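Here's the structure we're looking at; comments come further down.
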There are 2 protein chains.
Amino acid sequence: MTMPAPDTSRPSAISVADRLTQHVLGTMTPGMRLPSEADLAERYGVSRVTMREAVKMLAGRGLLDVARGRRAIVRQPDGSVFAEFLTSLLRSDPKCLFDLIQVRRSLEVQSVTLAARHASRAGIMAAEAALDRMRAAAEAGRSGADPAAQTRFHQADADFHEALALSSGNRVLSYLFEGMALPLRESFYASHRGQQLRGLSLADSVTAHAHILACVSSGDVKGASDAMSKLIDDAERDIRAAYSPESLDGGDGKGDRLRRSAASVASSAADGRSDGALSNTASPTLSANKRFP
Amino acid sequence: MTMPAPDTSRPSAISVADRLTQHVLGTMTPGMRLPSEADLAERYGVSRVTMREAVKMLAGRGLLDVARGRRAIVRQPDGSVFAEFLTSLLRSDPKCLFDLIQVRRSLEVQSVTLAARHASRAGIMAAEAALDRMRAAAEAGRSGADPAAQTRFHQADADFHEALALSSGNRVLSYLFEGMALPLRESFYASHRGQQLRGLSLADSVTAHAHILACVSSGDVKGASDAMSKLIDDAERDIRAAYSPESLDGGDGKGDRLRRSAASVASSAADGRSDGALSNTASPTLSANKRFP
DNA sequence: GTCATAAACTTGTATTACAACTTTGGTTGC
DNA sequence: GCAACCAAAGTTGTAATACAAGTTTATGAC
């Protein structure tokens, strides 16, 4: 008896969102444009308001790109959804950072292993280009006052690992790395707020990455995976060292300080799609009024 | 002049959604209830319609649980967002299934490795309980006509791997497994539509899982990881065999043997929130009308 | 004190109207 | 003929209002 009236308790906006999701996933491809809201509303037999809510749900899920004046277009899947999930997870429980690093090691090892087995010339060249950018940023950071050097370094670092993932030929791996890059970097900044990395460590990192790339190019699977494992281990140790004096198992156990620091930094989790996420700080209306219940 | 009027091109619903996201992630914890839409609309200085669209975006992203009559509550992060992403990815490119299996192997090995290193009594008992349910379902499936046995087996299988992930102490791993379970099972069923697993393969699967658990209990890290790696490898081979006659050229292949690990990959973990997303088939309205442009 | 009922509160949906932006088409000027 | 320009249509964004349908809370009877 599935016949009764479950639609009374099921808001039609949700139902329409599900049906639209099925349609988009089933019969449309990235880049295609949806019909107008008015059309969709008529087709699904709901008002434009309800239709807009359904479309907004899909947009929030990352399936659609909506903009004023233009009809919505189907988004290409990317790591941004995963990135947002990780960001919210790390905010609610900063200790998960180390869990994430563990997972990342596992995936990075998988990535270099596959890349060493069958890396294309293009992939290796992309990794080499990223490595060059890392080198340049490390130089700039060591020589003197270039506050943006560290950011450039991390960006190049992420590019390097994404190039490797691309070389692995595993698309899921690519999306995962793309999604992990930003949350990891934000957590990193949150732990080192204000702290500067030493130029030496950057140079060491460049050396380690170069070694990994050499192993990949020469097809040295074991060498590549071992080197990668060591690299991530070192990174974890650094981050753990930066965290431990701060709080964590210090005894209070609340972790509120970490939460605040994470919250202050991690506003750009929303990736490229919603670039304006950074511009808006906390609502003045909210801070002026009383807290939520 | 760089007139500061970029907010004209930025829909306030998006802006409000971002600000609300920051507030939820920054100052609220799962289970808390948001103010009413009217309150929020007033606080953010927008109409209720706009506020509702913002809330719907957060709901689509999995941050909020909305229901009629009740104020929205903050959701606990779980694997459902990841699951939806994988589902959309696998639909747009089914070949990614093998990429996903590769990733899964990596994570499963990581999971058993950590579990073997420091598994709690409770975690091992949970895995044992799941193994018992697997055994019971395999018996029921072998003895005769119990169509639900296979489903129960897959559920128990998924529970086993999730128990292992839980024993690993790595929350990210748990979420990832939770998110992978449903898409993998969906893809599995899509490739074997109607096909039944043999009772023998279920028994083999039970044996393999029992061996893994024994290694974990005794702290045999290498044994556990090797056994797990083999289990996933077999699963991949089975699924690949089941796919090739179907999507690729000829070969009868209808009687393909689906051995133990095929069953182990098809895991499930009732993700709760999005159960309706799968249940709804294509829109009747749409299929009745003309296709989208 | 417990239970039932009613009132208040809250979300869901529709309708209408208009503002702001994008695309498209034609028109003009060269 | 071709390019630039401009107007009109198309489309999304926002608001105000009204009511339906569910949930929570307060009230009152027992």
Side-chain angles (χ1 to χ4, degrees), chain A residues 4-20 24 28 31-60 63-75 273-276 279-280 283 285 290 292-293, chain B residues 3-20 24 31-60 63-75 273 276 285 292-293:
Chain A
D7 68 325
T8 53
S9 66
R10 188 167 176 71
S12 62
I14 312 285
S15 171
V16 168
D18 286 340
R19 294 203 280 158
L20 184 60
V24 168
M28 299 189 76
M32 292 179 81
R33 293 203 310 205
L34 261 65
S36 69
E37 290 173 356
D39 272 8
L40 287 171
E42 193 183 0
R43 293 191 212 234
Y44 285 105
V46 295
S47 76
R48 215 188 121 209
V49 175
T50 300
M51 195 67 234
R52 278 177 63 81
E53 289 184 9
V55 168
K56 280 286 156 61
M57 289 190 71
L58 267 70
L63 262 65
L64 297 179
D65 243 340
V66 292
R68 177 187 231 129
R70 286 190 307 244
R71 297 187 304 192
I73 64 179
V74 179
R75 261 177 82 89
R273 178 157 53 96
S274 50
D275 59 285
S279 61
N280 289 302
S283 159
T285 316
K290 65 181 185 299
F292 288 176
Chain B
M3 269 303 286
D7 67 325
T8 53
S9 67
R10 186 165 178 72
S12 61
I14 312 285
S15 171
V16 168
D18 286 338
R19 293 203 280 160
L20 183 61
V24 168
M32 293 179 81
R33 293 203 311 204
L34 262 65
S36 70
E37 290 172 356
D39 272 8
L40 286 172
E42 193 183 359
R43 292 191 212 234
Y44 285 105
V46 295
S47 76
R48 213 187 124 209
V49 175
T50 300
M51 196 67 232
R52 277 178 64 80
E53 289 184 8
V55 168
K56 280 285 155 61
M57 289 190 71
L58 267 70
L63 262 65
L64 297 180
D65 245 338
V66 291
R68 178 184 228 129
R70 286 192 306 245
R71 296 186 304 190
I73 64 179
V74 179
R75 261 179 82 88
R273 174 168 67 99
T285 315
F292 287 175

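Keep in mind it's a predicted model, so treat the numbers as computed, not measured.
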At their closest point, which heavy atom of [X] faces which heavy atom of [Y], and how far apart are they?
X	Y	answer
Val74(B)	Leu64(B)	CA-CD2, 4.0 Å
Met57(A)	Ala17(A)	SD-CB, 4.1 Å
Arg71(B)	Pro35(B)	CD-C, 4.0 Å

Would you kindly give the [atom1]-to-[atom2] distance between [X] and [N], to the nearest whole Å?
X	N	atom1	atom2	result
Leu40(A)	dT11(D)	CG	P	11 Å
Arg68(B)	dT11(C)	CZ	P	12 Å
Leu34(B)	dT11(C)	CG	C1'	13 Å
Glu42(B)	dA16(D)	CD	P	12 Å
Leu58(A)	dT12(D)	CG	P	14 Å
Arg48(B)	dC19(D)	CZ	C1'	11 Å
Met57(B)	dT12(D)	CE	C1'	14 Å
Arg71(B)	dT24(D)	CZ	C1'	10 Å

[X] side-chain proximity, nearest of [options]:
X	options	answer
Ser36(B)	dT11(C), dT13(C), dT12(D)	dT11(C)
Glu37(A)	dG13(D), dA14(C), dT24(D)	dG13(D)
Arg52(B)	dT15(C), dT11(C), dT24(D)	dT11(C)
Val46(B)	dT25(D), dG12(C), dA15(D)	dA15(D)
Lys56(B)	dT23(C), dG12(C), dA15(D)	dG12(C)

_Whether Ser12(B) contacts dT14(D) is assessed here as follows: a side-chain N or O lying under 4.0 Å from the phosphate OP1 or OP2. Is that the case?_
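The answer is yes; a side-chain N or O of Ser12(B) sits under 4.0 Å from OP1 or OP2.
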*Has Thr50(A) got a side-chain N or O lying under 4.0 Å from the OP1 or OP2 atom of dG12(C)?*
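Checking Thr50(A) against dG12(C): no side-chain N or O falls below 4.0 Å of OP1 or OP2.
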*NZ/NE/NH1/NH2 to OD/OE distance under 4.0 Å, Arg10(B) and Asp18(B)*: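 Salt bridge between Arg10(B) and Asp18(B), a charged N being under 4.0 Å from a carboxylate O: yes.
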_Less than 4.0 angstrom from a charged side-chain N to a carboxylate O is my criterion; do Arg33(B) and Asp65(B) meet it?_
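Looking at Asp65(B) together with Arg33(B), the answer is no, because their closest N to O distance does not fall below 4.0 Å.
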*Would you mind telling me which residue lines up with the more 5' stretch of DNA chain C, Arg70(A) or Glu53(A), judged by nearest nucleotide?*
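Comparing both residues, the 5'-ward one is Glu53(A).
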